[in-house]
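Contents: one structure, followed by commentary.
Start at 1 with the first residue, then count along the sequence. This is a predicted model, so every value here is computed, not measured.
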Amino acid sequence: MEKESIAVGLDIGTTKIVAMIGKKNEYGKLEILGVGKSKSLGVARGVVNNITQTIQSIQQAVLDAETDSGYKINDVVVGIAGQHIRSIQHSDYISRHNPEEVIGDADIDLLINQVHKLAMLPGEEIIHVLPQEFKIDGQSEIKEPIGMYGGRLEASFHVVVGQASSIRNVGRCIKSSGLDLSGLTLEPLASADAVLSQEEKEAGVALIDIGGGTTDLAIFKDGIIRHTAVIPFGGNVITDDIKEGCSIIEKQAELLKVKFGSAWPGENKDNEIVSIPGLRGREPKEISLKNLSKIIHARVVEIVEQVFAEIKAYGHEDPRKKLIAGIVLTGGGAQLKHIKQLVEYITGMDTRIGYPNEHLAGNSDEEISSPLYATAVGLVMNSIRNNTKSATPLAEIKKEQPKVESKPQPVRIEPEPEVIEEEIAAAPIKPINVRNDVDSESTKEKIKRGFFDKYIDKIKEFLDNAE
C-alpha cells in the first residue's frame, strides 16, 4: 500500500467544483476511488471572484471525495481556465559552445529559460511552455533532440499565457482549504488527455469543452498541441437567456435546458408545451418547447461560431493543417440534445461527443463516464504522471493515532493532523520515482515537469510572503 500512487484532481469550474481521487489498476486503466462535487460559488467565467465562497466550495467537494473514498487528500493538481488565458507561437534557438558534445537536459533548460524571458503584457505570466518541434543545425522535424550532436538547437513552442493575479488567487484558495498544490494544468489540455485518442491527435482534431462559464478549445495536429483558446461563454449564458426569454427563475431555466432543451428548433412541434409551477401560489406558466429551443439555438450558434473563428485562425483551411478527425465535443454543454448535429452543420466537420471512459476501469460508475467529468478525469491522469501520493488511506491514519495519543491528554487532538502531515510531507518515495522516471520520460514531459516545479515553487513563495 505504501508505494501505491494515489492521484487527486481538482476541477474548479464556474458551475461546479469536482474533487476526484484515483489510481492506476493492474491493467493500466484509471480506477476512480471517490468523487466529491459541490456547487461552485465565487467563480465567474473560470476566474475566482470571491475567495471565501470558493474555499467553502472546495472544502465541501474535498470532504465529499474523502468520505466517498476513505482517503485523506493532501495535495491536488488543479485545472485553470478563464477568459484571461491566451496562447502564442514562439520560436527560439541557442548556439552550443561544443557541438562535439551530445545535446542534454542542460541545453533544453537553457532554451526554455530563454522563452521565459519573453516580454509579456503587464500582469501576465507564462503558464505552459509546450515544445512542438526541434531543429538541429537546420535539420527539422526532430521530436527527441537529447543524445544528438549539433551546434545550433532551435525549437518552436506553444506558449500559454495567463493573468498572474488570477492564478495566484487559485493558489490562495487551495492553500486556505488546507491542501497543497502539486500541479497546474490548462483545462482544455486536461480534457484532451481524457477524451482524445493518440490517432486523433495525429490526424488533427479540435477539442471543444463547453463548460458552465467558458468554452475551451485545444487543437492538435501530428500529435502536437497547435492552438489553445478560452472563449468567455458557456452553458450559463444559455440558462440566462432562457431565464430572461421565458421570465422564470434561474433554477427553473437550468432544469428546462437540461430536461427539454434542444439545440435544433425544428425538432419540436408547435403544440409541445411544458407547464412550470408559479411562484408563491401564482398561476403556473406554460412554455412552448419550440420557443425554448429557438432561444437555446441562437446562443449555441453564437458560441460555436466563435470557436470556429478560432479554428480558422489556426489555419484549418490550409491542406497541411487540415483537421482530419474533425471536432470532439465534451464538458457539460456537450450533453445538450442535437448539439452534435448543429456543430456539424455550422462547421462542416465530422463531430463526436467525447466521453472519458476510454481510460477508465471497466467497473467505473456510469456517471463518471459523462462528458461533465472529462476535465476532472484528465487532471487525475495528470496527477498520476507526477507519481505523487496525493492521498493517504484513513485506515493508515487511524493506525498511527496511538503514537500521538501517548502525549499528555489536553494536547492530544491538536498535534495529530500536524504529525500526520509531516510524515506525508516527508514522502520518502518521491526521489526514487523521479529517478526511475527519467529514462522513460520524453523531452516534452521533462520540460513540462521542470517548468511546473519552478512555477509552483514561485506561487508557493508568493503565497508565503503574502501572509
Side-chain angles (χ1 to χ4, degrees), residues 11 13 15-16 18 20 30 32 35 79 81 187-201 203-220 228-231 233-239 254 257-267 293 296-297 299-308 310-311 316 323-360 362 364-381:
D11 174 16
T15 47
K16 66 176 188 332
V18 178
M20 193 177 273
L30 184 61
I32 303 299
V35 179
E187 293 201 347
L189 296 181
S191 304
D193 279 347
V195 303
L196 296 181
S197 67
Q198 192 53 40
E199 288 85 354
E200 284 176 317
K201 289 180 182 178
V205 66
L207 177 86
I208 302 173
D209 184 343
I210 307 169
T214 59
T215 297
D216 306 333
L217 171 72
I219 296 175
F220 292 84
T228 48
V230 177
I231 287 133
F233 298 116
N236 283 5
V237 288
I238 301 171
T239 306
E254 182 64 29
K257 179 182 80 175
V258 173
K259 282 202 159 190
F260 303 102
S262 166
W264 202 263
E267 189 65 23
S293 56
I296 294 170
H297 174 80
R299 185 57 89 175
V300 174
V301 166
E302 191 184 336
I303 293 169
V304 175
E305 280 176 348
Q306 285 219 31
V307 175
F308 195 38
E310 287 285 347
I311 295 172
H316 158 65
L323 304 177
I324 297 162
I327 289 171
V328 176
L329 294 171
T330 193
Q335 295 173 300
L336 188 63
K337 215 191 290 177
H338 301 118
I339 192 162
K340 171 186 175 295
Q341 289 86 337
L342 181 65
V343 172
E344 281 182 339
Y345 177 74
I346 293 171
T347 63
M349 295 164 76
D350 281 346
T351 305
R352 75 169 176 92
I353 306 293
Y355 298 92
N357 50 9
E358 189 189 326
H359 302 282
L360 295 175
S364 296
D365 192 336
E366 203 177 311
E367 194 194 355
I368 297 161
S369 305
S370 153
L372 204 66
Y373 292 102
T375 304
V377 170
L379 292 170
V380 174
M381 289 166 67

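- Contact between Ala374 and Thr330 at its shortest, heavy atoms only, is CB-OG1, 3.3 Å.
- Taking each heavy atom of Thr15 and Gly212 in turn, the nearest pair found is CG2-CA, 3.9 Å.
- If you take CD on Glu305 and CD1 on Ile311, they are separated by 12.0 Å, rounding to the nearest 0.5 Å.
- When atom types are taken as modelled, the side chain of Thr215 and the backbone of Phe233 share a donor-acceptor pair closer than 3.5 angstrom.
- Atom OG1 of residue Thr239 and atom NZ of residue Lys257 lie 3.0 Å apart, to the nearest 0.5 angstrom.
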message = Could you go through Leu379 and Val18, starting from their C-alpha distance and side-chain angles, then the distance that decides it, and tell me whether this counts as side chain to side chain contact (heavy atoms under 4.5 Å, CB included)?
response = CA-CA 11 Å; Leu379 292 170; Val18 178; over 6 Å; no
request  = Give the intermediate values and the outcome of side chain to side chain contact (heavy atoms under 4.5 Å, CB included) for residues Glu187 and Thr214.
outcome  = CA-CA 11 Å; Glu187 293 201 347; Thr214 59; 5.8 Å; no
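- The closest donor-acceptor contact from the side chain of Glu344 to the backbone of Thr351 lies under 3.5 Å.
- Not one N or O on the side chain of Ser293 forms a donor-acceptor pair closer than 3.5 Å with the backbone of Ser262.
- Just one of Val258, Ile210, Val300 meets the side chain to side chain contact (heavy atoms under 4.5 Å, CB included) condition when paired with Leu336; it is Val300.
- Looking at every heavy atom in both residues, Ser370 comes nearest to Pro356 through O-CD, 3.5 Å.
- A distance of 9.0 Å separates CD1 in Ile353 from CD in Gln335, rounded to the nearest 0.5 Å.
- Within a 6.0 Å radius of CD in Glu366, no more than 12 heavy atoms belonging to other residues, nucleotides or ligands are found.
- The two residues Val35 and Tyr373 have their closest heavy-atom pair at CG1-CE2, 4.1 Å.
- The line from CD1 of Ile296 to CZ of Phe260 is 11.5 Å long, rounded to the nearest 0.5 Å.
- The heavy-atom pair separating Ala206 from Leu323 by the smallest distance is CB-CD1, 3.9 Å.
- Atom CG in Asp11 sits 8.5 Å away from atom CE in Met20 (nearest 0.5 Å).
- Shown here are the side-chain hydrogen bond (donor to acceptor under 3.5 Å, both in side chains) partners of Asp209, two or more places apart in sequence or in another chain: Ser191, Thr375.
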inquiry  = Please evaluate residues Ile32 and Asp365 with respect to the criterion side chain to side chain contact (heavy atoms under 4.5 Å, CB included), reporting the C-alpha separation (whole Å), side-chain torsions for both, the decisive distance (0.1 Å), and the verdict.
reply    = CA-CA 8 Å; Ile32 303 299; Asp365 192 336; over 6 Å; no
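- Note that CD of Glu302 and CD1 of Ile231 are 11.0 Å apart. Values are rounded to the nearest 0.5 Å.
- Remark: the backbone N or O of Asp193 is paired with a side-chain donor or acceptor of His359 at under 3.5 angstrom.
- The shortest non-hydrogen separation linking Ser369 to Leu360 is OG-CD1, 3.9 Å.
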